[in-house]
Amino acid sequence: MMLIGNYLKNLTQQALQALYELQVEAAQVTLNETKPEFEGDYTIVLFQFVKQARRSPEQMGQEVGAWMVANSAGNLSGFNVIKGFLNLSVAESYWIEFLGQNNRPDFGAQPANGRKVMVEYSSPNTNKPLHLGHLRNNFLGWSVAELYKWNGYDVRKTCIVNDRGVHICKSMLAWKKFGEGATPESTGIKGDHLVGDFYVRFENELRVQSAPVLEALMQGQPVAGMEAEAAAKALVLYNKLQEADLPQEKAAEIKDELKEMARNATPIMQEVRQMLLKWEQGDEEVLSVWRMMNGWVYAGFDETYRRIGSDFETMYYESDTYLLGKEYVEEGLASGVFYRKEDGSVWIDLTAEGLDEKLVLRKDGTSVYITQDIGLAKKKYQDYPMEQSVYVIGDEQNYHMHVLQLICKKLGMPFADGIHHLSYGMVDLPTGRMKSREGTVVDADDLCDEMEKVAADKTRELGKVADFTEEELKVLYHTLGMGALKFYLLRVDPKKRMVFNPEESIDFHGFTGPFIQYSYARIQSVLRKAGWNAQQRQAITINQLLPLEKKLIVQMEQFPGVLQAACQDMNPSHVANYAFSLAKTFNAFYTEHSIANAESEESRVLRLHISELTSSIIANAMRVLGIAVPARM
RNA sequence: GGCCUCGUAGUACAAUGGAUAGUAUAAGAGUUUCCGAAGCUCCAGAUCCAGGUUCGAUUCCUGGCGAGGCCA
């Protein structure tokens, strides 16, 4: 038997065909849960078909309802019509049979379909430790991969590490200049944090050095060591700044530009560029520092990844892939997709698509980000010929990803149509945006520590697991802390910008991970005490359901559909909302009805079945979110 | 300058074009001889503005206002 929702849509389609010879797709049928104030379980909205059927909504409802009940093989027990809403009552037997047949731990999983999906997520830079924004990315990527798995796909998780470039050289240079040979071992600082500290150290030095340069530029004075072209531009900007009627915003823009030029003109930035050049030339001294410091970072990342549960089947390193893609520029030139300007630079014209012209190769023949991305996309496809390729990347890259897909299409890349940018919004603090310059960036490791600490405090306060060993407690605090954090970040629609309120995030009441974990632990406790488990289940014999019993079963039956929709939308928040709602329904049921001491034996068996499947579904829904559930807490 | 995204109770989040727009949190009041009170029950408050399409608009279209982002 298929899920009741799909069944009812199909049945409606058949009814419309049989009664009015109307051809509609089952997917066009609007199906809602019946509002509690009306009688019925599911509602078909008929307004949209009224005109074609040439019936009044009321009459049509009567006809379609009668036909559906008569042709439902006993699955429907009745109907009523209010305006154009056809309320259908599903037979009790359907729900009871559903429970009896589907009470298994993997309920909701679809059989393998052989289709390949690649999910790229996390994608850190190696100059700084992970922060709150990365956490949203990691949790989303992992969960979306999991959703694909549950829906039968063959999934490969991948991570592209941005391990080269100016930003890395900044950390390296600061270490060489000021580090005095410091290592993670000598300082006791986690590798990624140590490298991040040197990055900050560099930025501080840069600020000191650029201040007098900016001062000079603001006064139109020449700066030693500045290239002629830049110096000329600075002078133009300076002159513009002197204009009397210059609007304030414009002046601020020019000042920013001068600031940037001042930064670039500092001796330390010139050293960085030298270092990058040496890196590209394969200078062994530079490379050895680079390898050593990246090694520290990877050790640090591994620790954090293990902690937050991120894992990958394949890793790509930008240092291996940054030269890829140039060959496709040649191809594109030959096929006329790209064109060359007089100065030798290569472009693509996307004005017909409503976008701009986009540079794909600089006049000096070096590639830009988009060039590398084309090359990497192709490489990924060669390594794993996927049907869909999901990129979990922030929404500031929307334009870039749009362009990437367009170019791949125009180049005739076979994977182009399968590219999906899972674009997520930034995580803000209640005070506004996180800014590294103002030191408001929330560090991932610190945050995890804090979450676990709060979990420990609350657990001790309640004192329900006094018999746990130290090791068991540690696991529990981790389970609860990560549960709260992951749920908090995943319960929101990914594409929306969200606010991270530290106080709310560690709340364990209401719409939170620990609330759901608690509900699970409570069910487990009941099942334990009742001596109920998969091996010694009894068959269900009851044929009547109380309202809350039915409400729970109805909700449980929707789980596979929720997983499917969440996968289709690449939106784990559907699962989070569902899990919370299910836990709440169970808690209401639990308060209202006694499970182990039910009024009758057949009632007891029914409720134990309900409790068991509820706990399986809660566990599975949470697993999709990357959250573990404790048997006790 | 051009393009894109988002505006829902005090706050944070929901709602494939459907019925009286859901939920959490913050305040108050209940609730423990019985399966776990991190629970349950009761009590208020919102779709940025103006048009349009539709039987029906938080949702789609146009124009404003506001927030954020991207491209040169």
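Below, all heavy atoms of this structure are taken into account, side chains as well, without hydrogens, waters or symmetry copies. Convention: sequence-line order gives letters A, B, ...; per-chain numbering from 1.
Among the atoms of the strands shown, none is found under 4.0 Å from any heavy atom of A:Asn501. No contact: A:Ala598 has no heavy atom under 4.0 Å from any strand. Within 4.0 Å of A:Leu31, counting heavy atoms only, lies at least one base atom of the nucleic acid. Counting any heavy atom pair closer than 4.0 Å across all strands shown, A:Glu461 reaches no nucleic acid atom. As judged by a 4.0 angstrom heavy-atom cut-off over every strand, A:Met498 is placed among residues touching the sugar-phosphate backbone only. Counting any heavy atom pair closer than 4.0 Å across all strands shown, A:Arg433 reaches sugar-phosphate atoms only and no base atom. Nucleic acid contact class of A:Tyr518 (heavy atoms, under 4.0 Å, all strands): base. At a threshold of 4.0 angstrom between heavy atoms, the contacts of A:Val45 include nucleobase atoms, whether or not backbone atoms are also involved. Residue-level contact check: A:Phe515 touches the backbone only, with heavy atoms under 4.0 Å from sugar-phosphate atoms and none from bases. Across all strands, A:Ala565 comes closer than 4.0 Å to no nucleic acid atom at all (heavy-atom distances). Using a 4.0 Å heavy-atom cutoff across all strands shown, A:Lys51 reaches sugar-phosphate atoms only and no base atom.
Of the candidates B:G69, B:C71, B:C40, the closest approach to any side-chain atom of A:Tyr399 belongs to B:C71. Checking B:A19, B:A38, B:U11 against the side-chain heavy atoms of A:Glu504 singles out B:U11 as nearest. Comparing B:U23, B:C40, B:A19 by their closest approach to the side chain of A:Phe580 singles out B:U23. Minimum atom distance to the side chain of A:Asp493 is reached by B:A14, of the listed B:A14, B:C34, B:G18. Minimum atom distance to the side chain of A:Thr459 is reached by B:A38, of the listed B:A38, B:C71, B:C35. Picking from B:G18, B:C40, B:G36 the nucleotide with the shortest atom distance to the side chain of A:Ser525 gives B:G36. Proximity note for A:Val499 (side chain, C-beta onward) versus B:C13, B:A19, B:C35: the nearest is B:C13. Of the candidate nucleotides B:C35, B:A37, B:C4, B:A37 has the atom nearest to the side chain of A:Arg522. Ranking B:C13, B:A37, B:G68 by closeness to the A:Lys464 side chain, first place goes to B:A37. Listed nucleotides: B:C13, B:A19, B:A38. Nearest to the side chain of A:Asn87: B:A19.
One atom, CZ of A:Phe468, and another, C1' of B:G36, lie 13 Å apart when rounded to the nearest Å. Rounded to an integer number of Å, the gap from A:Glu601 CD to B:C35 C1' is 15 Å. Rounded to whole Å, the distance from CD on A:Glu503 to C1' on B:C13 is 18 Å. If you take CD1 of A:Ile516 and C1' of B:G36, they are 17 Å apart, rounded to a whole angstrom. A straight line from NE2 of A:His421 to C1' of B:G69 spans 12 Å, rounded to a whole angstrom. We find that CD1 of A:Ile407 is positioned 14 Å from P of B:C71, with the value rounded to whole Å. When the C1' atom of B:A72 is taken as reference, atom CG of A:Asp349 falls 15 Å away, rounded to whole Å. Taking atom CG of A:Leu86 as the reference point, atom P of B:A19 lies 16 Å away to the nearest angstrom.
B:U5: Watson-Crick or G-U partner is B:A67, with both key distances under 3.5 Å. Under the Watson-Crick or G-U wobble criterion, with both distances below 3.5 Å, B:A72 has no partner in any strand shown. Taking a pair to require two hydrogen-bonding distances under 3.5 Å in either a Watson-Crick or a G-U wobble arrangement, B:A37 remains unpaired. For B:U58, there is no paired base (Watson-Crick or G-U wobble, both distances below 3.5 Å).
Using a distance-only test at 3.5 Å, with no hydrogens or angles considered, a donor-acceptor pair links the side chain of A:Gln405 to the main chain of A:Ile419. A donor-acceptor pair under 3.5 Å is formed between the side chain of A:Gln517 and the backbone N or O of A:Ala628. For A:Asp507 (side chain) and A:His509 (main-chain N/O), a donor-acceptor pair under 3.5 Å exists by modelled atom type.
Look at A:Glu472 and A:Arg632 and you find no salt bridge, because none of the NZ, NE, NH1 or NH2 atoms lies under 4.0 Å from a carboxylate O. The residues A:Glu601 and A:Arg604 are annotated as salt-bridged, a charged nitrogen and a carboxylate oxygen being separated by less than 4.0 angstrom.
A distance of 6.0 Å separates NZ of A:Lys410 from CG of A:Leu350, quoted to the nearest 0.5 Å.
Remark: the separation of the P atoms in B:A29 and B:G66 is 44 Å, to the nearest Å. Annotation: B:U16 and B:U59 have their C1' atoms spaced 10 Å apart (nearest Å). For the C1' atoms, the distance from B:G10 to B:G45 is 9 Å, rounded to whole Å. Comparing B:G69 with B:A27, their P atoms sit 34 Å apart, to the nearest whole Å. B:C48 sits 16 Å from B:G68 when the C1' atoms are compared, rounded to a whole Å. Nucleotides B:A26 and B:U41 place their P atoms 16 Å apart, quoted to the nearest Å. Here, B:G17 and B:C3 have their C1' atoms 28 Å apart, quoted to the whole Å. Nucleotides B:U25 and B:A44, compared at atom C1', are 14 Å apart to the nearest Å.
Each of A:Asp395 and A:His574 lies near RNA chain B, and the nucleotide nearest A:His574 is the one positioned closer to the 5' end. Mapping A:Phe85 and A:Arg497 onto RNA chain B by nearest heavy atom places A:Phe85 at the nucleotide closer to the 5' end.
Close to B:G7, at under 4.0 Å from its OP1 or OP2, lies a side-chain N or O of A:Lys496. Between B:C35 and A:Arg607, no contact under 4.0 Å exists linking OP1 or OP2 to a side-chain N or O. Contact annotation: A:Lys35 does not reach the phosphate of B:G22 (side-chain N/O to OP1 or OP2, under 4.0 Å). Between B:U25 and A:His509, no contact under 4.0 Å exists linking OP1 or OP2 to a side-chain N or O.
Looking at A:Thr512, its side chain has no donor and acceptor atom pair within 3.5 Å of the base of B:A24.
The aromatic rings of A:Phe559 and A:Tyr578 sit parallel, their planes meeting at an angle under 30°, below the 60° perpendicular limit.
In this structure, the ring of A:Phe586 has its center less than 6.0 angstrom from the ring center of A:Phe589.
Cation-pi check for A:Arg522 over A:Tyr590 is met; the charged atom lies under 6.0 angstrom from the ring centroid and within 45 degrees of its normal.
A side chain to side chain donor-acceptor pair (under 3.5 Å) with A:Asp569 holds for exactly one of A:His574, A:Lys495, A:Gln564; it is A:His574.
Residue A:Phe47 and nucleotide B:G18 are classified as a stacked aromatic pair, their ring centres being separated by less than 5.5 Å at an interplanar angle below 30°.
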